Structure formats: structure tokens, C-alpha cells
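Worksheet: the structure to be examined is printed underneath.
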Amino acid sequence: MRQKVTIVGAGNVGATAAQRLAEKELADVVLIDIIEGVAQGKSLDLAQAAPIEKHDACLTGTGDYEESAGSDIVIITAGVPRKPGMSRDDLLAINRGIVKNVVRQAARYSPESVLIMVSNPLDAMCHVAMEESGFAKSRVIGMAGVLDSARFRAFIAAELDVSVENVHALVLGGHGDTMVPLPRFSTVAGVPITELMTPERIGELVARTRVGGTEIIELLKTGSAYYAPAAAVVEMAESILKDKKKILPCAAYLEGEYGIDGLFAGVPVKLGTAGIEQIITLKLTKDEQKMLHNSAASVRELVEAMKNMS
Ligand code: APR
């Protein structure tokens, strides 16, 4: 039987993710958007590329959640993106309202699905999604670490003039300026970058990674990044759909792991059919642990702020 992925929000990230999912023939894709005609138009356009791209994935655009029924994965990208000068946290109130509404409807029609959150501020939106869906923590996952790590990997590969395929990197924590890139766990063909670059240069790449999204917004001016975010969410979806059990950094609900309790934060997890099948606990140094807790504290602030919203 074919697998089915619903993407709520047929904007830049959503439509690009739909394209990648279809071209990789990972699943049939249902695109949903609140603006009449957008999801329908984009899915028709994507379907007409299929004969050229040689895939048989079925693409449907709709405003009706009934058509999303029985999805294996629901990806939530609905919301507004940042504009220059905005932080992800500035989107809290508006995207909270949107995410509440769309998750409730999507979860009703796909009660067995795995939810992958993309809307920002990411970690806070994962809390909203878990609450609204009532899903187990293993089935609510946030896309952030794969993207942040990919940015770090791209910078490392360019710096050392090596293939991106040789570079692995790890970024933990919340998806914001306090994210925690971990040079000790970032390697080129197995060699930690701490042996390949000066601490100063690593510091510069870490700093650029932390503001990687902002750098792109300032160039685009009208919206935020979407090619890499879409690629990241599709890597997560692929691991779940094919039960690959990849270890990827994702936002997961922590209950004591890393000394963090009752909060979503980016950590390495194993992704398979069941969603998050394992949270991987790394041995961090005191400094790394401190940075992770600092990042978690900023997520907690947003979660607390949401408690005072109607
Ligand atoms: N239901 C369905 N779709 C909605 C709703 C809703 N209630 N509200 C907004 N949308 C749709 C918009 O109509 C738009 O097509 O969500 C889409 C968002 O697309 P873009 O504006 O292009 O934003 P994008 O760059 O895709 O980012 C989406 O992901 O990376 C994050 O910060 C980013 O929160 C933002 C989200």
C-alpha cells in the first residue's frame, strides 16, 4: 500500500517539501492551505512535472481535512514566516493560534500519524501540537536540528574544501539564537573538527550557524529560508516512512533526559515507523550541558508566556 503524507501550509516550505517527497516517490502527498486555490494550484503544477521527473506519486491540493484522512505523517508548516528584524519568538502569538487550529483538525483525521512540526517558534509550537493532538510524545517531533546541523555542515565543508558527504555535525538545543552547535561531535571523515581548525575559526562558523536563518531572511527580505528546511523535514519523513532508524537531531519532549524535564528541546533521536523510537543521551561536558540548559530556558520562557494567552 502507498504511504500518505499530509502537509499543512502550501507555502514555500510546504510546497518545496511536497516536491521533494514526490520526486523521491516516498509517498502520496496531500497539500492543505487556508488560502483558496493555493494548495490545489501548486499540487496540480507539481503533478504536471511528474511525467518529466518520472515519478508516480499522487499529489492532491485541498482545503478540506477529510482528504488528509489516514495519513502516516502530517507535516505542519502553516503559519507566518519571519521578516527582516524579527526573531522566531516574535511569531509566537500568531502562529500559536494557527497551529492550534490546524493540528486539531489534522489529528482528528489521522489519529495514528506522526506529526512533524516546522512552524516557528519551533519548540513552542511542538508543545502546542502535543497538547492539541493528545498524541504520545513519540509522535510529535520538531524539525530544527537537522536544518541547523546541515547549515553547520555546509560551512565546515566549504571551509575545509571537502565533500559535504564527509561532514557530520551536531546542533542541539532550541531552534533559536541559543542553539548549541557541538564541535566535539562534528567530524570530517570521522575526525573531530577540533583537530582540523583553530578554536577561533570554529567559533566563527558556530556563530554563523546560530544566525543561519537570519542571514537568509536579510537577503530575501520578503520571507525566510525554505530549500534547506524542506530538505530537512523530508530527511526526517523518509527515515520514518522507510523505518530507517536514522539518528537525527530533532526537537523531542524530554522527561529528565539531559536534566531537562517537561520540555521540547533538540537532541539526537532515532526515527522509525513509531516516530521517536529512542532518545540518545550523549555525555556532555559541563560547558556543553550549561549551553543546552541555557537554550532550554529560553524555550521554557515561551512555553510559560503561552500559558497567559487566551
Ligand atoms: N491553515 C492552513 N494554512 C495556513 C493557515 C491555516 N490556518 N495559516 C497560514 N497558512 C498557510 C499560508 O497561507 C501559507 O501558504 O501557511 C503557508 C505558509 O507559507 P509561507 O508564508 O510561504 O511560509 P514558509 O516560508 O513556508 O514558512 C512556514 O515554517 O520555517 C517556518 O518560520 C517559518 O513559521 C514559518 C513556517
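What you see below is based on every heavy atom in this structure, not just the backbone, and it leaves out hydrogens, waters and symmetry mates. On a predicted model such as this, the values are computed, not experimentally measured, just so you know. Just follow the structure's listing: the first ligand is 1, and inside any ligand the first atom is 1.
Here the straight-line distance linking atom OG of Ser68 with atom CD1 of Ile7 works out to 12.0 Å at 0.5 Å rounding. Note that CE of Met197 and OG of Ser186 are 9.0 Å apart. Values are rounded to the nearest 0.5 Å.
For atom 15 (O) of ligand 1, the nearest protein heavy atom (residue, atom name, distance) is Asp33 OD2, 2.6 Å. From the protein, the heavy atom lying nearest to atom 1 (N) of ligand 1 is Val102 CG1, 3.4 Å. If you check which protein heavy atom lies closest to atom 18 (C) of ligand 1, you get Gly79 O, 3.3 Å.
Within the structure, the closest approach of Ile35 to ligand 1 falls below 4.0 Å when heavy atoms are considered. Contact between Val38 and ligand 1 is absent, with no heavy atom of the residue lying under 4.0 Å from the ligand.
In terms of heavy-atom proximity, Leu122 sits nearest to Met117 at CD2-O, 3.2 Å.
Which parts of ligand 1 touch Asn95 is read off a 4.0 Å heavy-atom cut-off, strictly below it: atoms 34 (O). Taking every heavy atom of Ile98 and a limit of under 4.0 angstrom, the matching atoms of ligand 1 come to 5 (C), 6 (C), 7 (N), 8 (N). Applying the 4.0 Å criterion to heavy atoms of Asn12 picks out, from ligand 1, the atoms 19 (O), 20 (P), 22 (O), 25 (O), 26 (O). Taking every heavy atom of Thr77 and a limit of under 4.0 angstrom, the matching atoms of ligand 1 come to 18 (C), 28 (C), 36 (C). Every atom of ligand 1 is numbered from 1 in the order shown, and the set under 4.0 Å from a heavy atom of Asn120 is 30 (O), 31 (C), 32 (O), 33 (C), 34 (O).
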Inset, instruction - Kindly indicate, with the supporting measurements, whether the criterion side chain to side chain contact (heavy atoms under 4.5 Å, CB included) is fulfilled by Ile116 and Val74. - result: CA-CA 6 Å; Ile116 306 182; Val74 177; over 6 Å; no
Legend entry - Full working for salt bridge (charged side-chain N to carboxylate O under 4.0 Å, His left out) between Asp28 and Lys4: CA-CA 5 Å; Asp28 288 340; Lys4 181 170 175 181; over 6 Å; no
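Inclusion of Val13 in the set of residues having an N or O under 3.5 Å from an N or O of ligand 1 is warranted.
Contacts with ligand 1 closer than 4.0 Å are made by heavy atoms of both the backbone and the side chain of Ile34.
If you check the side chains of Arg82 and Thr214, you find a donor sitting under 3.5 Å from an acceptor. Between the side chains of Thr281 and Glu257, no donor-acceptor pair of N or O atoms lies under 3.5 Å. The closest side-chain donor-acceptor pair between Gln289 and His293 falls under 3.5 angstrom.
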